[in-house]
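Remarks on the structure that follows.
Each chain gets a letter, A, B and so on, in the order its sequence line appears, and its residues count up from 1.
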Amino acid sequence: MENLLDNLNKQQREAVEHTEGPLLILAGAGSGKTRVLTYRIAYLINEKNVYPSNILAITFTNKAAKEMKERVQSLLEGSYDMWVSTFHAACARILRTQVEKLDGYKKNFIIFDTDDQVKVIKECLKELNYNEKNFPPKEMLSSISKTKDQLMTPGRFMDRYGRDFRLKKVADIYSLYQKKLMANNALDFDDILFKTVELFQNNPDVLQYYQNKFKYIMVDEYQDTNYCQYMLVNLLAKSHRNLCVVGDDDQCIYSWRGADIGNILNFEKDFPDAKVIKLEQNYRSTQTILDAANSVIDRNFGRKSKRLWTENGEGKPIVYYKAMDERDEGDFIIGEIDRLAFQEHRDLKSFAILYRTNSQSRVIEEMCMARGIPYKIVGGHRFYDRMEVKDVIAYLRAIQDPDGDLSIKRIINVPKRGIGKATLDLLEAYARDTGNSLYEALLFVDSIDGIGKKAKNSIKDFVRLIAELMDVAEKESASAVINEVIMRSGYLEVLEKGDDEDQERGKNIKELISAALEYEEKNEDSSLQGFLENMALMSDIDGLKEEREGITMMTLHSAKGLEFPVVFICGLEEGLFPTQRAFFDEHQLEEERRLMYVGVTRAREKLYLSSAFERTIYGSSSYTMESRFLREIPKDLMIKM
DNA sequence: TCAGAACCTCTTTTT
DNA sequence: GAGGTTCTGA
């Protein structure tokens, strides 16, 4: 361990050795904060003899959690039982054992994702007779999400806003939405956090237990926490006060989804005795790149002053290319990559193309394809979000708890078995009238008038199928159950007989079996329940296995936390980056600027910037103006090509 | 019940 | 301009 500390600079070492009491680490981009966190955990265990089980480390993504755990374990050469996970995974784990203390929830609760949420909201609107035009489901969901971030129950929301004509209706929607979630024994992503806070607030003994368990708490990416997460951390850290938060206010780019930059800016107010350590030495980029980044971010107000520096040397100037249009821009980027790969013998993995919006990737993708250059696109759709995967998941949920109406509804006619909307409406009406679940209505299908003979037989077959699958689930592992589901339901067969797209889908649901097998290997708890939770909280499984050779394309947001030797930031035009929506809002503009800062600091050696003179967006093309961010970089750092 | 037509929308995204 | 959703008619 002694020589491990030698691997750190003065500030880093200070951060590792300051183990007692509140600590704020302001870690600039590329300043080795992950290193500090992992060493700190190792130091706690090895030097301070802290039990690993007394440590809680919160990360932003599952991937980061996995990496951190692996790095600690390789530092200590052993396997340790500490909690290193995302907020959601940690809370889900707590709720798994404690959820019955919350009224109305059963232990085998399921986790609803955005897709499920939209469906529930639509049901709510229908039931309340509210128009989707006046109350757009997505808008409703984001209101509800923000409300939950603020720890506001439907009751509290109604108390506060109920006198407003429209907000009263939103409150009704929120209230019904929660009822429906409960009826499905489901929690959405926000609930997982919110309910944990409620659990702690209403059960002092439970809170005390976890306060005692987590004597040392670390939170990464603290600038991107929301109010609910802030509360959670503060509740847990209250008794031991060994709270270490790490973050960079200049990299707060998620305020649009509730991240409150104030959490990090006010940490010293919350904890007046907090030790503050700034990590400003950068180990990633050239001085030229850092000068550009510093110069851009300097224009933001109200930030903690920080100035990145490096011993890496000046490096190459930044290259700016003004293209005719987006095709020319793509041509230039791919041309440069081709040239550098050849002349400088660079791996395709060294290149990243970053853009503000996903739609910008299309043109560049086409060019890569035309030239036969391999590429991969990060982000976009999760494996779990694919229609066919969600269908199979719905089967699994239904098997686990057939009273979850949403799951039954999703699969009752997948694959097509002649149970259409008319039939479903009758079944739902019956269920509502008798106070039963949809599944129970299926059992009584004979006593429902108006359903045709054919449909009735299909329903009986379906009920039999579910019953059989439930039997299988009693005895078999998750992977075996999935196999039975896709075989017995006939779903796989239908897909395999379909067009290319369907065949691809068939492959995906088979892939789900591999995912389950992998899960069973890695986890002691190989139950269906555990697998479902894992899937719901997992972001992108494809990312985990495939490390294909190729250039990387992604949004600036997705690039946070990553680094590449050569980075291209494209589409530097007013209205695109910064986005038009930020023009009249200083806060939004500052967030765009932080996004630029994040993008620039991803580059190790070379940075390319580009814009197009003319760009086609939404089918219509128009002339553009160069992004103000280009002007915010000193001219002497940049050459035009 | 379902396929095709018309229609709408369109920043960023993790969990 | 594309992709997703809803509507309409057979």
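When rounded to the nearest whole Å, the span between NZ of A:Lys146 and P of B:dT14 equals 18 Å. Note: CG (A:Asp113) to P (B:dT13) measures 17 Å, nearest angstrom. As rounded to whole Å, 16 Å separates atom P of B:dT14 from atom CG of A:Asp115. Atom NZ in A:Lys63 sits roughly 13 Å away from atom C1' in B:dT14 (whole-Å rounding). If you measure from atom CD1 of A:Ile111 to atom C1' of B:dT14, you get 13 Å, rounded to the nearest angstrom. Separating the CD1 atom of A:Ile58 from the P atom of B:dT15 is a distance of 13 Å, rounded to the nearest angstrom. In this structure, the CD atom of A:Gln223 is 14 Å from the C1' atom of B:dT14, given to the nearest Å. Separating the NZ atom of A:Lys138 from the P atom of B:dT12 is a distance of 11 Å, rounded to the nearest angstrom.
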Would you tabulate the pairs of protein nitrogen or oxygen atoms and nucleotide nitrogen or oxygen atoms of nucleotides 1-6 of chain B closer than 3.5 angstrom?
| unit_1 | atom_1 | unit_2 | atom_2 | d |
| --- | --- | --- | --- | --- |
| B:dT1 | OP1 | A:Gly420 | N | 2.4 |
| B:dT1 | OP2 | A:Lys421 | N | 3.2 |
| B:dT1 | OP2 | A:Ala422 | N | 3.2 |

Between the protein and nucleotides 5-9 of chain C, list every N/O to N/O distance that falls short of 3.5 Å.
| unit_1 | atom_1 | unit_2 | atom_2 | d |
| --- | --- | --- | --- | --- |
| C:dT6 | OP1 | A:Lys122 | NZ | 3.2 |

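For residues 82-99 of chain A, the set of pairs meeting the salt bridge (charged side-chain N to carboxylate O under 4.0 Å, His left out) definition, not counting sequence neighbours, comprises A:Arg96-A:Glu533.
The side chain of A:Thr616 places no N or O atom within less than 4.0 Å of a non-bridging phosphate oxygen (OP1 or OP2) of C:dG1. At B:dT14, none of the side-chain N or O atoms of A:Asn62 fall inside 4.0 Å of OP1 or OP2 (strictly under the cut-off).
Annotation: salt bridge (Lys or Arg N to Asp or Glu O under 4.0 Å) contacts of A:Lys106 (sequence neighbours excluded): A:Asp401. Scored by the side-chain contact (heavy atoms from CB on, under 4.5 Å) test, A:Ala27 finds A:Ile25, A:Ser31, A:Lys33, A:Val246, A:Leu279 as partners (sequence neighbours excluded).
Taking the six-membered ring where the residue is Trp, A:His88 and A:Phe189 present perpendicular rings, their angle passing 60° and hence far from 30°. The aromatic rings of A:Trp83 and A:Phe214 lie perpendicular to each other, with more than 60° between the two planes, well past the 30° mark. A perpendicular orientation is assigned to the rings of A:Trp256 and A:His557, their planes being inclined by more than 60° (bins at 30° and 60°). By the 30° and 60° cut-offs, the orientation of the rings of A:Tyr210 relative to A:Phe200 is tilted.
Listed in residue order, the members of residues 250-261 of chain A having a heavy atom less than 4.0 Å from DNA chain B are A:Tyr254, A:Trp256, A:Arg257.
Ring-to-base geometry does not place A:Phe60 in a stacked arrangement with B:dT14 (centre distance under 5.5 Å, plane angle under 30° required).
Note: A:Phe564 and A:Phe351 fail the aromatic proximity criterion, with ring centroids not under 6.0 Å apart.
No side-chain donor from either of A:Thr579 and A:Glu592 sits under 3.5 Å from a side-chain acceptor of the other. A donor-acceptor pair shorter than 3.5 Å cannot be found between the side chains of A:Gln529 and A:Asn108.
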